[in-house]
Amino acid sequence: MVATTNFLGKAHDAIEYIFDKETFVENKIGSTRLDPDLAPPAMVGEATLDGTICTVLSVNSRRPNPRFRVVFNGVMGMEETYKFSQALYATIDADKDKPIDEKRPVVLLIDTPGNSPGKIEEIVGMTKGTASYQFALMDARAAGHPVIGMIVGRAISGAFLCHGLLSDRILSLPKDYGTIVHVMPTTSIAVITGIPLERLNELVKTNPVFASGAEFVYKLGTIDELLDNPDQMRDAIIRNIAEVKELRKQGREDKLGIWNRGQVGAERGGRVKRIEAIEKMEKEFENILPDLLE
Amino acid sequence: MRMDWEELQEKSFYRSSARERAYGIVDPGTFREFLGPRDKMYSPHLVILGEAVEFDDGIVVGVGKIDKHPVFVISQEGNFVGGALGEINGAKMAYMYKIALKCYEAMKEKYGTVPEDRKPLVVVSYDSGGVRLHESNAGLVAHSECMEALWKLQNKVPNISITGSSLGAYGAQGFVCMSGDVVLANDYGRIGLTGPDVIQQEVGKDEFDASDRALIWRTMGARSKYILGDVDYLLKDTIKEFREKVKELADMSMSDISKHRHLGSPELVEDNLELVKIAAELKIDDSKDLWEYYGNENLDELPEMPQEEFLKVAKRRPRRGM
C-alpha cells in the first residue's frame, strides 16, 4: 500500500479496509435496530473481524445532519453522541448473558474535527451529549467489552475526548497517512495565548504537551500504539482486543484506559510532574485518612 | 492564609476566590488543603513559555467535614489562566475523585457498609474555560482522566457540581460539570461546551453574536439551565446558601441523590434525546422558544426579575423519576 492511502474524511472506507469483507450492517446491534433517520453522520452497526462480531462506531463526514446546520463534515452533534450511546447500550444488552470472554468488542474509527459549535446545541446541552457518550463507553468497558479506538483521520479536542480517549486502548496511523491529533493547530494556539508561533514551533520539538500530531501525543501516552501504515490496522486491532480481554479477565483494569496511559506516558517521558503531584497528594491523604474515618 | 469563616458565610459566592469558596463550603476550621501553595507544584510548561505561574496552579483541592461527612473539595480559580486545566491542576482535580473513592472504600472496610451519615462527598466549584491551551495536550487528557475517575463514583460518593463564579463551566469543564449527580448554581452560573466567542469565530455572527450579553445569559446561563433541568437548585449568591444546600444533600440517601442525575444510563439517553427532538421539531432559534414550550410567560422578564420571583413563576421541564 502506498503512502497516499488516506482515510481523512473517509472513516467509513476504513470499515471495509479493516473488517471482514462486506460484513458491516448499519444500524443493527444484536437484536436492536437503531433509527436510521437519527443522526445520519453517526455510522454505527455490526461487522465481523476475523469472524468475531464487533460493534463499529464511526462518523461519516459526507453525511450532514439535516436538522442541525452546524453538523457536517464529520462534526459530532447531539443526535450523534446519543446515537453512539444507544449503540453502546444495545451492545451491552446483546451480550448481557454471555461470559466475559464472549463480550463483543467495540471499535471506534476516529475521524472527527469537533463537537458541534452551535447555539441550539448550547441551549439544549451539547455538554450532556458528549458526557452521555463517555459514560456509555465506560459502561461498556465495565460490562466487559473491549473498547478499541483507531485514529484514521482527525482526533481533535472535545470530539476526541468523547470519541476515543476513554477507550481501553488507542491506536493511530501516523501523520503521513492524514491523521491530525491535537486540541487546536499551533497557529491558533499562538493567536489565543499570544506566544509567538516561531517559539511554539521550536518548543514542540522537545516538549510533547505543545505539539500537534500522533507522534507527539504518543510520548504523552495519549496513544498506546503508533502503527506504520494502514495495512497493520486489522491485525493490530485483533491483537489489542485479545490483550484487553486477557487483562480484563485477570482483573487488571489498572492496565487499561486513560489512567493507565498516564503511567505509560510518564515512562515515555511525558507528564512526569503529574506523577509527582499524585504521589504527594496520596501521602497527604493517607496521613489524615484515620481522622476522616472517625 | 487566615480566613474568618463567619465572614465568609455572608460573602458573595461569585466574588469569592477559589480558596475562600473551599474554606467556606465546609464546617468551620475543617478544611485541609492538599498540595497547597507551600508545595510549589506549579506548571512546568508555563515556565518554559515565560508565563507567570501560581504555586497552586490555579486550583484549590482538599478535604473538610460537614458533620461527620468527609467533603472532598475541588475549587477552581478563574483569575489564573482562565481557570483552565493543564498537567498539574488537572492531576490535582482528577486525583481528588480517586481519593474520594479510596475514602469510601476505607470506610466500607471499617464499618461494613458506609453509614449514610458518614458517606464521603465530592464538591466541585467550577470556574474554568476547559483545556489550558498553553499545555493543550496535557489539559485534554486530564479531562479524560477526570471522566474515567468520576464515573466510578456513581451510586457511591455523591458528586456535587457548583457553577457560580466569574467564568462558569465551559469547554470540557462543561461536561465534567454536567456529569455530577446534582448541579447547583447562583444567577451567575453558566454551563456550556462551546463559548460565545468560539461559536462566533467558527460559525459566524449570524449563529451567535458574542457581544450580546443577554443572549449569552439566556443561552448558557443558570436560569435557562434551571428551566430546562440542567441546574437542579438555583440559589442566592452567598457561600452560606451553597453550604446549607450541600449539607442538605449530604444528609440525603445516596439513592435519592442519584435520582438527580442528568446522564449516565440508557433511560437518561432517551430523556435527553427527547429534548433534542423537541428543539429540532420546533426549529427553535432561542432558549425562549423552549421556555414558552414548557409553559412560561413573560419571557422577556424571566432573566431580569428578582430571583425569588423567578423561582415562584418559572415552569420547568418535567424530569423522569423526580
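Each chain gets a letter, A, B and so on, in the order its sequence line appears, and its residues count up from 1.
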When you compare the side chain of A:W259 with that of B:Y95, does any pair of heavy atoms fall below 4.5 Å?
yes

For a side-chain contact (heavy atoms from CB on, under 4.5 Å) check, start with the C-alpha distance between B:W151 and A:Q134, then their side-chain angles and the critical distance, and finish with the verdict.
CA-CA 9 Å; B:W151 174 88; A:Q134 293 177 66; over 6 Å; no

Does A:R271 pair with B:E135 as a salt bridge, N-O distance under 4.0 Å?
no

Does any heavy atom of chain B fall under 4.5 Å from the side chain of A:E122, the backbone, both, or neither of them?
both

Test side-chain contact (heavy atoms from CB on, under 4.5 Å) on B:F175 and A:N115 and set out the steps.
CA-CA 12 Å; B:F175 66 68; A:N115 284 128; 5.7 Å; no

In the structure I gave you, are the side-chain heavy atoms of B:N137 and A:P208 within less than 4.5 Å of one another anywhere?
no

Take atom CZ in A:F72; do more than 12 heavy atoms of anything else shown fall under 6.0 Å from it?
no

Rounded to the nearest 0.5 Å, the OG1 atom of A:T193 sits from the CG atom of B:L133 at a distance of 7.5 Å

Toward chain B, the part of A:V124 with a non-hydrogen atom under 4.5 Å
both

If you compare all heavy atoms of A:T127 against all heavy atoms of B:G174, which two are closest, and at what distance to 0.1 Å?
CG2-C, 3.6 Å

Answer with side chain, backbone, both or neither: which region of A:F160 has an atom nearer than 4.5 Å to a non-hydrogen atom of chain B?
side chain

Does the distance from a Lys or Arg side-chain N to an Asp or Glu carboxylate O, for A:D291 and B:R32, drop under 4.0 Å?
yes

Under 4.5 Å heavy-atom distance to chain A, tell me which part of B:M107 shows up: side chain, backbone, both or neither.
both

Heavy-atom closest pair (B:A280 atom, A:F68 atom, distance to 0.1 Å) is CB-CZ, 4.0 Å

Which atoms of B:V81 approach chain A - backbone, side chain, both or neither, heavy atom under 4.5 Å
neither

At a heavy-atom separation under 4.5 Å, does B:T30 approach chain A through its side chain, its backbone, both, or neither?
neither

Does any heavy atom of chain B fall under 4.5 Å from the side chain of A:L289, the backbone, both, or neither of them?
side chain

Under 4.5 Å from any heavy atom of chain A, what part of B:V61 do you find: side chain, backbone, both or neither?
side chain

When you compare the side chain of B:C103 with that of A:F285, does any pair of heavy atoms fall below 4.5 Å?
yes

Specify which of B:K277, B:Q154, B:H69, B:K152 makes the most heavy-atom pairs with chain A at under 4.5 Å.
B:Q154

Answer yes or no: is there a side-chain heavy-atom contact under 4.5 Å between A:H182 and B:L140?
no

Between B:E148 and A:R141, is there a salt bridge with N-O shorter than 4.0 Å?
yes

Without hydrogens or angle criteria, can the side chains of A:Y82 and B:E270 be said to hold a donor-acceptor pair below 3.5 Å?
no

Side chain, backbone, both or neither: which part of A:L38 has a heavy atom under 4.5 Å from chain B?
side chain

Using non-hydrogen atoms only, which part of A:L203 is less than 4.5 Å away from chain B: side chain, backbone, both, or neither?
side chain

Please flag which part of A:A277 lies under 4.5 Å from any non-hydrogen atom of chain B: side chain, backbone, both or neither.
both

By a 4.5 Å heavy-atom criterion (distance strictly below it), what part of A:F216 contacts chain B: side chain, backbone, both, or neither?
neither

Taking all non-hydrogen atoms of both residues, which atom of B:H134 and which atom of A:F210 are closest, and how far apart?
O-CE2, 2.8 Å

Which heavy atom of B:S144 sits nearest a heavy atom of A:L165, and at what distance?
OG-CB, 3.3 Å

Name the member of B:I284, B:V176, B:D286, B:L290 that forms the most heavy-atom pairs with chain A at distances under 4.5 Å.
B:I284

Check whether A:V204 gets within reach of chain B through its side chain, its backbone, both or neither, counting any heavy atom under 4.5 Å.
neither

Between A:L220 and chain B, which part of the residue has a heavy atom less than 4.5 Å away: side chain, backbone, both or neither?
side chain

Non-hydrogen atoms of chain B under 4.5 Å away: do they reach the side chain of A:R274, the backbone, both or neither?
both

Minimum heavy-atom separation for B:K65 and A:L292, please, with both atom names.
NZ-O, 3.7 Å

Cut-off 4.5 Å, heavy atoms of chain A, and the answer for B:I48 is both

Exactly one candidate in B:D285, B:D289, B:L228, B:L275 meets side-chain contact (heavy atoms from CB on, under 4.5 Å) with A:I123; the answer is B:L228

Contact class of B:A94 relative to chain A, heavy atoms under 4.5 angstrom:
both

Which atoms of A:D139 approach chain B - backbone, side chain, both or neither, heavy atom under 4.5 Å:
both

Comparing A:V70, A:I275, A:L293, A:I92 against chain B, the one with the most heavy-atom pairs below 4.5 Å turns out to be A:L293

If you count heavy-atom pairs under 4.5 Å between each of A:G125, A:A131, A:G114 and chain B, which one has the most?
A:A131

Contact origin within A:F135 toward chain B - heavy atom pairs under 4.5 Å:
both

Heavy atoms, side chains only, cut-off 4.5 Å: are A:K273 and B:H45 in contact?
no

Any idea which heavy atoms bring A:S85 and B:V269 closest together, and the distance?
CB-CG2, 3.7 Å

Starting at CG of B:L35, measure out to NZ of A:K283 and round the result to the nearest 0.5 Å.
11.0 Å

Please round to the nearest 0.5 Å and tell me the distance separating atom NZ of B:K110 and atom CD of A:E294.
4.5 Å

Identify which part of B:K225 has an atom lying under 4.5 Å from any heavy atom of chain A, answering side chain, backbone, both or neither.
side chain

Nearest 0.5 Å please: distance from the OG1 atom of A:T130 over to the CE atom of B:M147.
6.5 Å

Proximal component of B:I278, with respect to chain A [non-hydrogen, under 4.5 Å]:
neither

Look at A:I189, A:L166, A:L137 and state which one has the largest set of heavy-atom pairs under 4.5 Å with chain B.
A:L166

Salt bridge present between A:E286 and B:K102 (N-O < 4.0 angstrom):
no

Quick check for you: to the nearest 0.5 Å, what is the distance between A:M281 atom CE and B:M41 atom CE?
10.0 Å

Is it true that B:D206 and A:R69 make a salt bridge, defined as a side-chain N closer than 4.0 Å to a carboxylate O?
yes

Evaluate the side-chain contact (heavy atoms from CB on, under 4.5 Å) criterion for residues B:T194 and A:E121: first the C-alpha distance (whole Å), next the side-chain angles of each, then the deciding distance (0.1 Å), finally the verdict.
CA-CA 9 Å; B:T194 315; A:E121 281 81 354; over 6 Å; no

Heavy-atom cut-off 4.5 Å, strictly under: side chain, backbone, both or neither for B:Y170 against chain A?
neither

Nearest 0.5 Å please: distance from the CD atom of B:E207 over to the CD1 atom of A:I120.
6.5 Å

Contact class of A:S116 relative to chain B, heavy atoms under 4.5 angstrom:
backbone

